[in-house]
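Report on the following structure.
Because the structure is predicted, anything quoted here is derived from the model rather than measured. Remember, it's 1-based here, ligands and their atoms both numbered in the order they're listed.
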Amino acid sequence: MLVLGIDTSCDDTSIAVYDASNNRVLSNVVSSQYDFHREFGGVVPEIAARKHAENVDLVFEEALRVAGVSPKELGLIAATNRPGLLPALLVGLTFAKGLAYGLSLPFKAVHHIEAHIFSPFIGSEPPFPFLALVVSGGHTLIVLVEGLGRYKLLGKTLDDAVGEAYDKTAKLLGLGYPGGPVIDKIYCSFKGEFLELPRPKVQGLNYSFSGIKTAVRRLAEKGYPKEQIAASFQKTAVSYLLSKLKRAVRETGVKRVAVSGGVSANSLLRQELSKTGWEVYLPPLEFTSDNGAMVAYTGYRRYLLEGEDSLEVGASARAPLG
Ligand code: KG4
Ligand code: ZN
């Protein structure tokens, strides 16, 4: 069965064609809106929605063209309907419903974080149980995944997501948007001494990133070079992410770990994970940030488990996992 996966939850219009019979992604087209949000240093929901509406047709046609399939060959339409920026989500969801209705195909609504969780396993089968660390622009959480739809939330950020902290740090230092890739690059070529940044003290497996942001501002005001601040920020953020993940492994005894979301592209995070001795799963770089492939893959598995969804299903900005 060929599955179309659509994600417009944030600032990427992404559509993929996934061949479920062979567990292969035939196309994964992403139209990124960075240029339109850059001057604001973050995503503006109304601009995101307008750009999705302008692009969704073109991205759909391109996804079919690259995959070499016609709409008639599709067997399932999956789209992210939660959580995310509401006006942005609605564009992809409405487009998906229109296709499903017009082509008389089953439709499946997908949870965005669940799709990230399964993104390291696209092309293979997820080995349960595993610990998932989702690190993106909107989310930072640790989940024990016992099966599809069987989740125990172990910890989450109490304020900013780690990707958001990257973006805000970059904005503060005047490094551009999105902050993650720029700061990662600076870190890789930085040869100087690292500055001490405070590690937020939050109970259990929860995170907090808002304090790091204040520390960054203070260092910038003191006149430290922005490269030194940016590199030090990355060192602290990654070691903080890992410290809680190590604790989660210790507490659950589960040494199989899947890390996903935009920040899972980070080179230091990947390097440090490779030293842990755990069974580590990471998505290929093209599936770290928002993409239609993870939506198609997860939507297909959900469809097998529980069947199709009604076309009356709505979008929600917030939605607990599971
Ligand atoms: O998963 P994603 O595309 O969107 C959300 O669902 O939020 O994640 C985007 C986030 C941005 O905050 C971006 O700065 C961050 O991922 N990011 C990175 C890297 N590449 C992207 N953060 C750290 N290092 C990177 N190499
Ligand atoms: Zn995402």
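- Comment: Glu164 does not engage Lys213 in a salt bridge, judged by the lack of any side-chain N to carboxylate O separation of less than 4.0 angstrom.
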Which side-chain N or O atoms in residues 172-188 pair as donor and acceptor under 3.5 Å with protein atoms at least two apart or in another chain?
residue : atom : partner : partner atom : Å
Tyr177  : OH   : Asp11   : OD2          : 3.2
Asp184  : OD1  : Gln234  : NE2          : 3.0
Asp184  : OD1  : Ser267  : OG           : 2.6
Asp184  : OD2  : Ser267  : N            : 3.0
Asp184  : OD2  : Ser267  : OG           : 3.4

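- Look at His116 and the Zn ion (ligand 2): an N/O/S atom of the residue is under 2.8 Å from the metal.
- Within 4.0 Å of ligand 1, counting heavy atoms only, the contacting residues are His112, His116, Ser136, Gly137, Gly138, Gly163, Tyr166, Asp167, Pro178, Gly179, Gly180, Pro181, Asp184, Gly261, Gly262, Val263, Ala265, Asn266, Thr288, Ser289, Asp290.
- Comment: Lys152 engages Glu146 in a salt bridge, judged by a side-chain N to carboxylate O separation of less than 4.0 angstrom.
- Rounded to 10°, the angle formed at the Zn ion (ligand 2) by His112 NE2 and Asp290 OD1 is 100°.
- Both tests hold for Lys235 against Phe194: distance to the six-membered ring centre under 6.0 Å, angle to the ring axis within 45°.
- No salt bridge links Glu46 with Arg50; every basic N to acidic carboxylate O contact stays at or beyond 4.0 Å.
- Ion pairing between Glu221 and Arg218 fails under the 4.0 Å rule for side-chain N and carboxylate O.
- Figure legend: Arg302 and Tyr300 shown without cation-pi pairing, the cationic atom not lying both under 6.0 angstrom from the six-membered ring centre and within 45 degrees of its axis.
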